[in-house]
> 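I'd like to ask you about the structure that follows.
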Amino acid sequence: MSNTENPSGSPVISVMLSPQELDRRIKELGKEISDDYAQADLVLVSVLKGSFIFAADLCRSITVAHSIDFLAASSYGHETMSSGEVQLTQDLSNPIAGKDVLVVEDIADTGLTLSYLLQNLKARQPRSVKVAALLDKPSNRKKQVHVDYVGFTIPNKFVIGFGLDYAGKYRNLPYIGVLEKH
Ligand code: IMP
Ligand code: MG
């Protein structure tokens, strides 16, 4: 039994953001993005794996025509801490030159992943690049990065659910939670 489990064997998770709160906020973001990108050639770039659920909900809240592409990035280190070394482990399937790119991330934590991705994507000559992150932990920044659309600003706690994992698990939770005995 791991220390994330109580004596009965189930993990101790407290809810930080309910499914209803997430749903309401993502719809608001979708409306804001639809207004801002009315005249654009929008492509959502979903950062795997953590953003897949947010991206699925966000794209269905966006009413302007757009395409969606995926890339994967990993930062190596301790399970709950970024090491600072970021690598692209899976690239986009299409060029983004001339496009209006919106990077869709699960969380901006140290900012290292996003700043690496922004630098990498900007080199491909898109018309514009902005960032939408479901969660923002600004107190843990190591690199300053501007997040244009923030779902929720949260305290410096390790969160799981709604796409975010701990050691590969808990992505399926329909809420954002905190592993209490972590
Ligand atoms: P960064 O520290 O801003 O580079 O964030 C890198 C990645 O770490 C994020 O895209 C998440 O996948 C992961 N991450 C950061 N904070 C958390 C957290 O609280 N829970 C789960 N994953 C996290
Ligand atoms: Mg991630």
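Numbering of ligands and ligand atoms starts at 1, following listing order.
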> Going by the order shown, which atoms of ligand 1 are within less than 4.0 Å of some heavy atom of Glu105?
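Every atom of ligand 1 under 4.0 Å from some heavy atom of Glu105: 10 (O).
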
> Quick one: which ligand 1 atoms are inside 4.0 Å of a heavy atom on Lys137?
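In order of number, 16 (N), 17 (C), 18 (C), 19 (O).
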
> Please work out, at 4.0 Å between heavy atoms, whether the side chain, the backbone, both, or neither of Asn140 comes within that distance of ligand 1.
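Within the 4.0 Å criterion, Asn140 makes no contact with ligand 1.
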
> Will you find, in the side chains of Glu180 and Ser14, an N or O donor that is under 3.5 Å from an N or O acceptor?
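Yes, side-chain donor-acceptor contact under 3.5 Å.
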
> Relative to the heavy atoms of Leu164, which atoms of ligand 1 are at a distance of less than 4.0 Å?
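Taking each heavy atom of Leu164 in turn, ligand 1 has 20 (N), 21 (C), 22 (N) under 4.0 Å.
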
> Would Gly111 count as being in polar contact with ligand 1, using the rule that some N or O on each side must be under 3.5 angstrom apart?
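Yes, Gly111 has an N/O under 3.5 Å of an N/O on ligand 1.
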
> Enumerate the residue pairs fulfilling salt bridge (charged side-chain N to carboxylate O under 4.0 Å, His left out) with a member in residues 50-62, sequence neighbours excluded, ordered by first and then second residue.
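Qualifying pairs, neighbours excluded: Asp57-Arg60.
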
> Just verifying a value: how many Å separate Leu117 CG and Lys122 NZ, rounded to the nearest 0.5 Å?
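It comes to 11.5 Å.
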
> For Lys157, which part has a heavy atom under 4.0 Å from ligand 1: side chain, backbone, both, or neither?
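It is the backbone that gets close, since no side chain atom is under 4.0 Å.
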
> Please state which option from Val178, Leu179, Asp109, Thr110 has its nearest heavy atom closest to atom 16 (N) of ligand 1.
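That would be Asp109.
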
> Any ion pair linking Arg24 and Glu21 (charged N to carboxylate O, less than 4.0 Å)?
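No salt bridge links Glu21 with Arg24.
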
> Can you tell me if Leu114 contacts ligand 1 (heavy atom of the residue under 4.0 Å from the ligand)?
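Per 4.0 Å heavy-atom rule, Leu114 does not contact ligand 1.
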
> Are Ser128 and Asp100 close enough that a side-chain donor and a side-chain acceptor fall under 3.5 Å?
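The answer is yes; a qualifying pair exists.
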
> Compute the shortest N/O to N/O distance between Val159 and ligand 1 and return yes if it is under 3.5 Å, no if not.
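Yes; the residue has a nitrogen or oxygen that sits under 3.5 Å from a nitrogen or oxygen of the ligand.
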
> Suppose we screen for side-chain contact (heavy atoms from CB on, under 4.5 Å). Which residues come up paired with Asp23, at least two apart in sequence or across chains?
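Once residues adjacent in sequence are excluded, the partners of Asp23 under the side-chain contact (heavy atoms from CB on, under 4.5 Å) criterion are Lys27.
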
> Is the Tyr166 ring parallel, tilted or perpendicular to the Phe158 ring (thresholds 30°, 60°)?
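If you compare the ring of Tyr166 with that of Phe158, the planes turn out perpendicular.
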
> Any heavy atom of Ile107 sitting closer than 4.0 Å to ligand 1?
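Checking ligand 1 against Ile107, which is what was asked, there is a heavy-atom contact under 4.0 Å.
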
> Within ligand 1, which atoms have a heavy atom of Asp165 less than 4.0 Å away?
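Here the atoms of ligand 1 in question are 21 (C).
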
> Can you name the nearest heavy-atom pair linking Ala55 to Ser46, along with the distance?
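For Ala55 versus Ser46, the nearest heavy atoms are CB-OG, 3.7 Å.
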
